[in-house]
Amino acid sequence: MFIATKEIIIQNEAFILTNQRAVFWKKEKALLLSDLHIGKTAHFRKNGIALANHIMKSDLERLSALIEYFQPEKFIVVGDLLHAGDNSDVDEFCQWRNQYPDLQFYLIEGNHDRISESLEKKLCLDFKESLLELGAFTLIHDFDKEKSDFQITGHIHPGIVLNSAVKSIRLPCFALSENQLLLPAFSEFTGLDTKNLPKKSKFFVFTDDGIYEV
C-alpha cells in the first residue's frame with residue numbers, strides 16, 4: 001500500500017493529509033480519522049445481505065500501515081467508529097486494537113456510536129465524549145454552528161465530482177474552509193455526499209497514487 005501525503009497549515013499548526021483517508025496532526029502526534037463504521041458488513045450479513053468480510057480487513061490493514069508510517073501516540077476517531085452496536089466485526093476490531101496497547105484511543109461520539117458500558121470497556125477506550133477541545137481546535141463529529149473555534153469534523157462523507165470531456169467521476173476528499181477541516185469517511189464501504197459541503201472550501205482529492213488540491 002502506497003501512502004501519499006500533503007502537508008497543510010491550519011492555525012499555525014501542521015497537519016499531514018494522506019491518500020488513505022486520514023490525517024496526522026504533528027504537534028499532538030495524533031492520527032485523525034472519521035467514519036470507520038465498524039460492524040457495517042456484519043450488520044448487512046445479519047439482515048440477509050451477503051457481503052465479503054475483506055472490506056473491514058482492508059480498512060484495518062490501511063490503519064495498521066498508517067500507524068507504522070506515522071508512529072502516533074494518539075488514535076482519534078472523530079465519530080462513527082461503529083455502525084450498529086456490538087457484533088462479530090467489533091470482536092475483530094478489538095483483536096486488531098490489542099496489537100497497539102501503548103496507543104491512546106480517543107472516540108468523539110458520532111450518531112452511530114451507541115455504546116454501552118460493557119462495550120466501552122471491550123473497546124479499550126481511553127477517552128469518549130461528544131467533543132474534544134485541544135488548543136485552538138474542537139474535534140466534533142458534525143459541525144456546530146454555535147462554536148467559534150476551528151472544528152475538525154466528519155459525518156458528511158465528503159466527495160466531489162470531476163468532469164472531463166469523456167466522463168464524470170466522483171472522488172472522496174478532504175474539505176478545508178476558514179473554520180473547518182472536514183475529514184473523508186475512512187471506510188471505503190461508504191457513500192459520498194457531493195452536495196452538503198462547507199462553502200468556500202478548498203478540496204483535496206486522493207487516489208491510490210497521490211493527493212491533489214482542486
Side-chain angles (χ1 to χ4, degrees), residues 1-38 55-81 96-97 99-100 102-108 132 134-141 150-162 169-190 192-194 197-198 200-214:
M1 185 189 76
F2 175 67
I3 298 176
T5 64
K6 184 177 183 64
E7 183 172 309
I8 61 173
I9 304 298
I10 306 174
Q11 305 286 323
N12 298 316
E13 294 196 26
F15 292 79
I16 301 175
L17 309 181
T18 78
N19 65 332
Q20 300 301 326
R21 303 174 178 242
V23 59
F24 183 67
W25 184 354
K26 279 190 173 181
K27 179 182 177 182
E28 293 293 331
K29 297 182 179 178
L31 185 65
L32 310 179
L33 48 102
S34 182
D35 297 277
L36 274 81
H37 289 276
I38 295 295
I55 296 170
M56 192 184 77
K57 288 182 178 179
S58 174
D59 288 343
L60 296 182
E61 287 172 359
R62 287 168 42 236
L63 261 179
S64 292
L66 287 164
I67 290 170
E68 181 177 348
Y69 185 89
F70 288 110
Q71 295 292 306
E73 295 179 357
K74 303 184 186 77
F75 167 46
I76 303 178
V77 179
V78 190
D80 285 358
L81 168 68
W96 172 88
R97 162 73 177 103
Q99 298 176 75
Y100 307 100
D102 297 326
L103 185 62
Q104 298 178 41
F105 184 14
Y106 290 58
L107 174 60
I108 313 304
L132 173 63
L134 287 174
F137 299 88
T138 295
L139 283 68
I140 188 168
H141 185 54
F150 189 96
Q151 297 178 47
I152 300 174
T153 70
H155 185 57
I156 298 296
H157 305 185
I160 63 172
V161 178
L162 300 181
I169 58 172
R170 290 157 51 93
L171 293 172
C173 66
F174 296 88
L176 175 64
S177 63
E178 183 180 4
N179 58 354
Q180 180 183 12
L181 174 62
L182 172 59
L183 306 178
F186 185 81
S187 177
E188 295 178 340
F189 185 38
T190 55
L192 295 178
D193 188 337
T194 61
L197 302 177
K200 299 180 180 179
S201 291
K202 296 179 181 179
F203 299 105
F204 299 89
V205 300
F206 43 86
T207 62
D208 289 341
D209 61 354
I211 181 165
Y212 310 97
E213 182 177 349
V214 297

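None of these values were measured; they are calculated from a predicted model.
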Nearest heavy atoms of His141 and Gly79, plus distance in Å | ND1-CA, 3.2 Å
Shortest non-hydrogen contact between Ile76 and Ala30, atoms and distance = CD1-CB, 4.0 Å
Checking Asp193 side chain against His157 main chain: does a donor-acceptor pair fall under 3.5 Å?
-> no
Given side chains that start at C-beta, do those of Val205 and Pro172 come closer than 4.5 Å, heavy atoms only?
-> no
Report yes if some heavy atom in the side chain of Phe137 is under 4.5 Å from a heavy atom in the side chain of Phe15; otherwise report no.
-> yes
List the atom of Asp59, the atom of Glu188, and the distance in Å for their closest heavy-atom pair.
-> OD1-N, 3.5 Å
Quickly, which of Phe204, Phe206, Phe203 forms a ring-ring contact (aromatic ring centres under 6.0 Å, His included) with Phe174? Name it, please.
-> Phe206
Please confirm whether the backbone N or O of Ala65 pairs with a side-chain atom of Arg62, one donor and one acceptor, at under 3.5 Å?
-> no
side-chain hydrogen bond (donor to acceptor under 3.5 Å, both in side chains) between Tyr69 and Thr5, intermediate numbers included | CA-CA 11 Å; Tyr69 185 89; Thr5 64; 4.6 Å; no
When every non-hydrogen atom of Trp96 is compared with those of Ser64, the smallest separation belongs to NE1-OG, 2.7 Å
Would you say the side-chain atoms of Arg21 pair up with the backbone N or O of Ala185, donor to acceptor, closer than 3.5 Å?
-> yes
With the side chain counted from C-beta on, respond yes when Met56 and Glu61 share a heavy-atom pair under 4.5 Å apart, and no when they do not.
-> no
Do Leu197 and Ile160 have side-chain heavy atoms sitting under 4.5 Å apart?
-> yes
Main-chain N/O of Glu28 paired to Lys74 side chain as donor or acceptor, under 3.5 Å = yes
Minimal heavy-atom distance between Thr194 and Arg170, with the atoms involved, is CG2-NH1, 3.6 Å
Run through Leu183, Leu31, Leu33, Leu139 and flag the one making a side-chain contact (heavy atoms from CB on, under 4.5 Å) with Val77.
-> Leu33
For His155 and Asp35, does a side-chain donor sit closer than 3.5 Å to a side-chain acceptor?
-> no
Taking the side chain as C-beta and beyond, is there a heavy-atom pair between Met1 and Gln20 under 4.5 Å?
-> yes
If you take all heavy atoms of Pro184 and Cys173, which pair is closest and at what distance?
-> CB-O, 3.4 Å
Would you find a donor on one side and an acceptor on the other, under 3.5 Å apart, between the side chain of Ser177 and the backbone of Ser201?
-> no
